[in-house]
Amino acid sequence: MKETPNHKPLIEIRGIHKKFGNKIVHRGIDLDIYEGEVLALMGGSGCGKSVLLRMIVGLEKPDQGTLKYNGKSLEALSEEKLIPIRKKIAYVFQYGALFDSFSVKENLAYPLREHTQLSEQEIHNKVMATLERLGLKGTENLYPSGLSGGMQRRVGVARSIIMNPEVVLYDEPTTGLDPFNTQQILKTILHLKQQGTTSVLVTHDMHAIFSITDRVAFLKEGQILALGSTEQIKNSTIKEVSSFIHGESY
Ligand SMILES: Nc1ncnc2c1ncn2[C@@H]1O[C@H](COP(=O)(O)OP(=O)(O)O)[C@@H](O)[C@H]1O
Ligand SMILES: [Mg+2]
């Protein structure tokens, strides 16, 4: 993907301001996210990356500014009208957020039972195919407590993508994972990209950034300090960006 794609953005973020009490988090964020791209959100701890992801999925409201999805302003929509849009945007929680009393298979089947008319056989097939995609074949009857942290994270990704979302938002999907689990998640993000899915990932993982992202947005003090192709950000001469990248990659 080119650094300045010439097609229309899928998500348009304009003039976002957000504070919690006296703590100012966002001071005017403008960002376009294009269909089919993999965009990384980087920046120091506490700079508002997770809050921005939560806003895109509607879990958090900006104090000022607008978020548009496919040209539609999200703030103007009623809760009811937001439901179909939320189904198109999946959010992968940092720690899986699985139902402990459900098996892996039941965890994945849950959204399909709740939101689709698929038959039990179709649900079974989709669950098994999604597990296979994440290298989780054979875990279907296990419970989350019987899985390693990395496997739980992969099940969380599997559950988030099972509804074929248009956009997947990942909050630190590979933080703390070993190389095998990391690769399984990165491979899945690339596979979804080939199918046209848009991905936004908050990450500190330089390997992930350089191997799979098209563009990187770097947040600092509540604003976008730098935005460009992965290559441009990697070679950025902005001091904060280069010291963040080079400091973290060792
Ligand atoms: N619900 C909340 N209530 C109060 N403060 C919050 C809330 N969510 C986030 N914050 C604060 O907003 C800032 C940005 O948080 P966050 O987006 O989680 O940072 P990060 O970039 O590390 O993901 C932090 O200082 C955090 O403590
Ligand atoms: Mg965070």
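Just follow the structure's listing: the first ligand is 1, and inside any ligand the first atom is 1. The structure presented is a predicted model; accordingly, all values stated were derived computationally and were not measured. Heads up: numbering here begins at 1 and tracks the sequence.
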Among residues at least two apart in sequence or on other chains, which ones pass side-chain hydrogen bond (donor to acceptor under 3.5 Å, both in side chains) with T230?
T213
Do the side chain of T139 and the main chain of L142 share a donor and acceptor less than 3.5 angstrom apart?
no
Which residues satisfy the side-chain hydrogen bond (donor to acceptor under 3.5 Å, both in side chains) test with E12, sequence neighbours excluded?
none
So, the side chain of N107 versus the backbone of F102: is there a donor-acceptor pair under 3.5 Å, distance only?
yes
Where P173 and L177 come nearest, the two heavy atoms and their spacing
O-CD1, 3.5 Å
Every N, O or S from the protein that is nearer than 2.8 Å to the Mg ion (ligand 2)
S50 OG
Are K88 and Y69 in a cation-pi setup, meaning NZ or CZ lies under 6.0 angstrom from the ring centre and within 45 degrees of the ring axis?
no
Sorted by chain and number, the residues that approach ligand 1 to under 4.0 Å with a heavy atom
F20, K23, V25, G44, S45, G46, C47, G48, K49, S50, V51, R54
For F218 and F244, take the angle between the two ring planes, folded into 0 to 90°, and tell me which bin it lands in: parallel under 30, tilted 30 to 60, perpendicular over 60.
perpendicular
The test is side-chain contact (heavy atoms from CB on, under 4.5 Å); show your working for D30 and I13 and say whether it passes.
CA-CA 5 Å; D30 296 318; I13 298 170; over 6 Å; no
dist K220:NZ -> E240:CD (nearest 0.5 Å) comes out at 4.0 Å
